[in-house]
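Numbered from 1 within each chain, the chains take letters A, B, ... in sequence-line order.
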Number of protein chains: 2
Amino acid sequence: MALEDEAMAANPETSVPLASNSEDISQLPEMSSIVGYVLRRAQLSVFQDFIESFTELKLRPAEFSVLNLIAQRPGQKQSEIAEQLGIKRANFVALMDGLERRGVAERRKSPEDKRSHSLHLTVEGERFISEMLSVWNAHEQRIIRRLGGEAERDKLIELLGRLSGQD
Amino acid sequence: MALEDEAMAANPETSVPLASNSEDISQLPEMSSIVGYVLRRAQLSVFQDFIESFTELKLRPAEFSVLNLIAQRPGQKQSEIAEQLGIKRANFVALMDGLERRGVAERRKSPEDKRSHSLHLTVEGERFISEMLSVWNAHEQRIIRRLGGEAERDKLIELLGRLSGQD
DNA sequence: AAATAAATGTTATGATATAAAACAATTATG
DNA sequence: CATAATTGTTTTATATCATAACATTTATTT
């Protein structure tokens with residue numbers, strides 16, 4: 001039953017060097033089967049679509065996430081938002097500066113704890129959010145279509161969830 | 001049938017501000033259901049495990065991939081390897097310099113095309129590869145265990161494959 | 001063949017992301 | 001009250017990534 005397959009490889013595409021010395025090539029993993037690698041490529045591709053979707057609104061993924069979290073629960077402290085997203089609080093400062101400069105979010109000094117800032121949307125920010133969600137919905141639908149449907153999306157999310165955290 | 005759920009939210013964890021003004025909170029996606037976000041977190045977690053696994057060998061993901069590709073098919077041009085991995089050839093130079101300085105890979109001037117360099121492992125590089133594969137196998141097994149098994153790994157790879165490319 | 005265009009590797013540069021250290025102000029704890 | 005710890009911030013270092021320009025070499029056009 002076809003044992004000539006690897007003996008004669010007449011195809012110039014696959015026959016070229018054939019691991020000259022030792023180096024058992026059979027032990028080398030195909031890049032397309034390496035979880036981390038495929039994960040990285042997929043993530044870059046999805047982010048690429050996200051970024052292109054948001055070029056007009058000039059919003060980056062991290063900024064989207066921050067605005068979304070503030071909208072979901074206004075009043076949270078800077079550190080809380082940063083930590084939820086895995087952003088170091090030192091790096092969060094510039095990000096928040098940007099959102100404040102654009103007038104979509106603001107810091108308020110908390111009277112109870114004068115160290116912390118609670119984060120809120122501005123009125124303009126609330127208007128912006130609806131625009132943002134519209135763009136995001138189109139993007140997410142595109143991703144779901146690529147996956148094959150909602151069921152596949154759900155399955156993917158489940159599998160990815162098993163990979164996060166638990167370090 | 002329990003229609004009091006969202007009316008009274010006595011839980012202090014979830015009842016705090018409740019979207020003071022408008023902002024229909026129901027339209028805001030949960031971060032844990034956003035494909036790009038979950039994808040990113042999972043990728044970081046897997047890379048984290050990879051990096052920790054390779055601290056002793058001092059090998060980064062990109063270097064692993066390059067060595068793996070060279071081992072699979074020695075003699076390929078620099079640009080070819082770079083392009084397969086989505087690395088800009090300008091940025092590939094320093095990476096390859098590093099591998100050459102460590103003595104695991106080398107550039108050879110191609111006599112046919114004196115512009116290009118063909119990439120090869122050194123003898124030391126071939127020894128290094130087997131060590132690298134051993135570390136990588138342990139890492140990959142850890143990832144597969146997190147996912148729940150090989151079947152889940154295969155399913156994940158399939159779904160991720162649908163997200164890559166096709167831009 | 002000569003002129004022009006394209007490919008290859010390289011250098012240099014800027015933008016962005018990320019991590020760590022130190023600090024002032026404030027709050028919490030001994 | 002003295003000492004921790006927390007919070008936001010600034011500064012700095014490093015890694016990643018994209019772009020432009022260049023010299024050398026090869027390919028294509030005229």
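Atom pair B/Glu106:CD and C/dG9:C1' shows a separation of 17 Å (rounding to whole Å applied). One atom, CD of B/Gln43, and another, P of C/dA17, lie 15 Å apart when rounded to the nearest Å. Between B/Gln76 atom CD and C/dG9 atom P the separation is 12 Å, expressed in whole Å.
Residues of residues 84-101 of chain A that place a heavy atom closer than 4.0 Å to DNA chain C, in numerical order, are A/Lys88, A/Ala90, A/Asn91. A heavy atom closer than 4.0 Å to some atom of DNA chain C occurs in A/Glu112, A/Asp113, A/Lys114, A/Arg115, these being the qualifying members of residues 108-118 of chain A. In the region residues 57-68 of chain B, proximity to DNA chain C at under 4.0 angstrom, judged on heavy atoms, holds for none of the residues.
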B/Leu67 vs B/Phe128, side chain to side chain contact (heavy atoms under 4.5 Å, CB included): CA-CA, chis, key distance, verdict: CA-CA 10 Å; B/Leu67 288 181; B/Phe128 184 82; 3.7 Å; yes

Working for side chain to side chain contact (heavy atoms under 4.5 Å, CB included), residues A/Phe92 and A/Val66: CA-CA 10 Å; A/Phe92 193 85; A/Val66 169; 3.6 Å; yes

Show, in sequence, the C-alpha distance, side-chain angles and deciding distance for B/Leu156 and A/Leu163, and conclude whether the side chain to side chain contact (heavy atoms under 4.5 Å, CB included) test is met. CA-CA 11 Å; B/Leu156 176 63; A/Leu163 291 178; 3.8 Å; yes

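Of the candidates B/Gln72, B/Arg73, B/Met132, B/Gln72 is the only one forming a side chain to side chain contact (heavy atoms under 4.5 Å, CB included) with A/Leu28. If you run side chain to side chain contact (heavy atoms under 4.5 Å, CB included) between A/Leu159 and each of B/Lys155, B/Arg146, B/Arg153, only B/Lys155 comes through.
For B/Arg40, no side-chain nitrogen or oxygen approaches OP1 or OP2 of C/dA17 to under 4.0 Å.
Nucleotide C/dA17 forms a Watson-Crick or G-U wobble pair with D/dT14, both donor-acceptor distances falling under 3.5 Å.
The shortest distance between side-chain heavy atoms of A/Pro29 and B/Asn137 does not fall below 4.5 Å.
Within a 6.0 Å sphere centred on CD of B/Glu124, heavy atoms belonging to other residues, nucleotides or ligands number more than 12. Within 6.0 Å of atom CD in A/Glu158, more than 12 heavy atoms from other residues, nucleotides or ligands are found, so the atom counts as buried in its surroundings.
Judged by distance alone, the side chains of A/Gln78 and A/Arg107 do bring a donor and an acceptor atom under 3.5 Å apart. Counting only N and O atoms by type, the side chains of A/Asp49 and A/Ser45 include no donor and acceptor under 3.5 Å apart. Side-chain contact annotation: A/Glu80 with A/Gln84, donor-acceptor N/O pair under 3.5 Å absent.
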